[in-house]
Amino acid sequence: MPAEQNTYDAIVIGSGISGGWAAKELTEKGLKTLMLERGPNYEHIKDYKTANLDPWQFPHRGEVTQAQRKERPYISRTWGAKEEVMESWAKDIDCPYTEVKPFNWWRAYRLGGRSILWGRQSYRWSDHDFEANLKDGWAIDWPIRYKDIQPWYDHVEKFAGVSGSLEGLEQLPDGHYLPPYDMTCVERDVAARIKEHYKGQRHMIIGRVANLTAPIPGRTACQFRNRCWEGCPFGGYFSTQSSTLPAAVATGNLTVRPDSIVMRILYDKDKQKATGVEVLDAVTNKTYEFYSKIVFCNASALNSAWVLMNSATDVWPGGLGSSSGELGHNIMDHHYNVGAAGVMEGYEDKYYYGRRANGIYIVRFANLFGDKRDYLRGFGYQGGGSREGWSRDVAEMSVGAGFKEALTEPGQWGMGVTGFGEILPHHENKITLDATTKDKWGLPVLSMDAELKDNELKMRKDMASEAQAMLEAAGVKEVRTWDNGHHIGDGIHEMGSARMGRDPKTSVLNAYNQVWDAKNVFVTDGACMASSACQNPSLTYMALTARAADFAVNELKKQNI
């Protein structure tokens, strides 16, 4: 294929949450853009094969087959092993990874990536988060503050559609929201009692979620089906397929190439710039080169590092962006699998409508506003209050008319919360290339060497005890706590492999997500994060991507890159 046919203004590696945003922003600014996805095509509505099936129409009634478990051994260790989405996950046998320490890596290699499957919780970070490293003397300072990203939070929220309530909290800034989901009666009372007991210092709010509570152009409001991760035929939540991809396609400036594994970024050491990418066709095994003025790397936090590690190795043995010694280091996640739950009495005459695709959120309070703990940073909680349904276990009844009659009435109300805690950017938590293990296409795989440290383990004890104390203060009975342990990756919020910073000696990217060693390469997915906060990070990826795209186009016009 002639080189001119393979030449674009911009190349975007990856089609998930951040890749979709990069494609939208760049095409809307007039750049001819090629979006490369390593997995197959996946079309909105048409490919949501299970979204309208009834439970009894699933061949295995929700269970996963042994053949599927053999193909996907890593995801089979997690709660993601469900019949309705099992085929959404990458085949681990085709693209394995090795583990120095246990690591659960949730991957969806297809157009749209994990944007179909994500939990949609959408929270802004505050300066408490962006200033934390500097104030604690930990790792490196973020090169930006809330004022730098605030207009971009505005920008992405308005387009994506986020529902939520305005709370006026310093540690969790308000945004542009559609009307909030309603809390259940139990949640409302628990929230009020927590606020009263802690004298207004703790806040339980409805979750801020990228589900539409009112229609917006081109998309229909949430239908309260709560089957989001199967794909929403109504476009009721934000995904690449429902939102950014149609917008990019509408410009006429987008080319999408699925089944395209980016092996490396092409680098001109004389010009100190990238010239494009080398791609392996996942189906034909043929290689191609595509050329562009700028490259956006949005392959997901760990895969973006993998691409960089395999690029410009003739200049830097550790890969493009490795001159600081930080590429592949500072791996983070959010640790969870810890919380508390109990029984709520006195609401037997109450129920709720529909299957709300959201829960409550308890805002971080640890190590803020004078509160001091024996660890750094903090945590939030997600959860909810609801009644048991027909599938509950009825004690001493398993057959017969009595069993059936009991199940015609809803069970007891319960209230539960699960903590999501910040993981510090430990330099020794890292990923490296394992050249001794190859994937289906003969490419080296990642080796995972990351774990929870003492700070996180101390926090987990507090997460359980504070959850119990709050629920009991709110009148919840028979409260039990749990801690099921956490391996990095379990939180599905991997971050940090190519962090932003102020100094090329200690970071991979600058304040505008540019690779220090190649100013026309931008990394705007989870790889760029310098710390993890405790809020879900996807909204921040969106905002950083839109901000970097605006900067890149302006720099291109000025001929600075």
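- Salt-bridge annotation for K29 and D550: present, with a side-chain N of the basic residue lying under 4.0 Å from a carboxylate O of the acidic one.
- Of the N and O atoms on the side chains of T545 and T524, at least one donor lies less than 3.5 Å from an acceptor on the other residue.
- Considering R225, R227, Q57 as possible partners of N52, the one that fulfils the side-chain hydrogen bond (donor to acceptor under 3.5 Å, both in side chains) test is R225.
- A distance of 9.5 Å separates OG of S242 from CD1 of I45, quoted to the nearest 0.5 Å.
- Considering only heavy atoms from C-beta on, H335 stays 4.5 Å or farther from F379 through its side chain.
- A salt bridge links R124 to E157: at least one charged side-chain nitrogen sits closer than 4.0 Å to a carboxylate oxygen.
- Remark: D434 CG to M448 CE distance equals 10.5 Å, nearest 0.5 Å.
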With ring pair (Phe, Tyr, Trp, His ring centres under 6.0 Å) as the criterion, how do W105 and Y74 come out once you've worked through the C-alpha distance, each side chain's angles and the decisive distance to 0.1 Å?
CA-CA 7 Å; W105 191 12; Y74 301 131; 8.9 Å; no
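- Residues Q272 and D268 have side chains that never bring a donor and an acceptor to within less than 3.5 angstrom of each other.
- If you take CD1 on I11 and OG on S292, they are separated by 3.5 Å, rounding to the nearest 0.5 Å.
- Donor-acceptor pairing under 3.5 Å is recorded for the side chains of T50 and E230.
- Considering only heavy atoms from C-beta on, P425 stays 4.5 Å or farther from M495 through its side chain.
- The one candidate from T244, N298, T540, L544 that meets the side-chain contact (heavy atoms from CB on, under 4.5 Å) condition with S18 is N298.
- Side-chain N/O atoms of S304 and D525 include a donor and acceptor closer than 3.5 Å.
- Residues V523 and V515 meet the side-chain proximity criterion, which asks for heavy atoms closer than 4.5 Å.
- Distance check, rounded to the nearest 0.5 Å: CD of E278 to OG1 of T287 gives 5.5 Å.
- Between N253 and K32, the side chains place a donor N or O and an acceptor N or O closer than 3.5 Å (distance only, hydrogens not considered).
- Counted by atom type alone, Q121 and Q535 present zero donor-acceptor pairs between their side chains at under 3.5 Å.
- Note on ring orientation: taking the six-membered ring where Trp is involved, the planes of W125 and F130 are tilted (angle from 30° to 60°).
- The distance from atom OG of S76 to atom CE of M86, rounded to the nearest 0.5 Å, is 3.5 Å.
- The distance from atom OG1 of T27 to atom CE of M35, rounded to the nearest 0.5 Å, is 9.0 Å.
- With a 4.5 Å cut-off on side-chain heavy atoms, Y267 and L320 count as touching.
- Here the side chains of D449 and N429 are not in contact, with every heavy-atom distance at 4.5 Å or above.
- Judged by distance alone, the side chains of Y109 and N303 do bring a donor and an acceptor atom under 3.5 Å apart.
- Applying the 6.0 Å contact sphere to NZ of K269 captures no more than 12 heavy atoms from other residues, nucleotides or ligands.
- Using a 3.5 Å distance cut-off with no hydrogens or angles, the side chains of D333 and H486 do pair a donor with an acceptor.
- One side chain, R120 or N211, offers a donor N or O that lies under 3.5 Å from an acceptor on the other.
- A donor atom on one side chain and an acceptor atom on the other are not found under 3.5 Å apart for R107 and S300.
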Does the side chain to side chain donor-acceptor pair (under 3.5 Å) test come out yes or no for Q68 and E87, once each step is laid out?
CA-CA 8 Å; Q68 287 175 319; E87 294 299 318; 2.8 Å; yes
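- A salt bridge does not link E37 to R257: none of the charged side-chain nitrogens sits closer than 4.0 Å to a carboxylate oxygen.
- Classified by interplanar angle (parallel below 30°, tilted 30° to 60°, perpendicular above 60°), the ring pair Y42/Y48 is tilted.
- Among E494, H487, R77, the single residue meeting the side-chain hydrogen bond (donor to acceptor under 3.5 Å, both in side chains) criterion with N104 is R77.
- The shortest side-chain heavy-atom distance between P59 and E83 falls under the 4.5 Å cut-off.
- Around NZ of K70, the count of heavy atoms belonging to other residues, nucleotides or ligands within 6.0 Å does not exceed 12.
- Residues S323 and W516 have side chains that never bring a donor and an acceptor to within less than 3.5 angstrom of each other.
- In this structure, L556 and L31 have side chains that are in contact, with non-hydrogen atoms separated by less than 4.5 Å.
- Using modelled atom types, one finds a donor on one side chain and an acceptor on the other under 3.5 Å when comparing H155 with E25.
- For F159 and W21, the gap between ring centers is short of 6.0 Å.
- Around atom CD of E63, no more than 12 heavy atoms belonging to other residues, nucleotides or ligands sit under 6.0 Å away.
- Between R38 and P258 the shortest side-chain heavy-atom distance does not fall below 4.5 Å.
- Between Y123 and Y361, the angle of the ring planes stays under 30°, which puts this pair in the parallel group of the 30/60° scheme.
- Within the structure, ring pair (Phe, Tyr, Trp, His ring centres under 6.0 Å) contacts touching residues 294-314 (residues at least two apart or in different chains) are F296-F522.
- Side chain to side chain, S531 and W142 meet the donor-acceptor criterion of an N or O pair below 3.5 Å.
- The minimum heavy-atom distance linking F58 with L53 is given by the pair CE1-CB, 3.9 Å.
- The aromatic rings of W118 and F238 sit perpendicular to each other, their planes meeting at more than 60°, with 30° as the lower class boundary.
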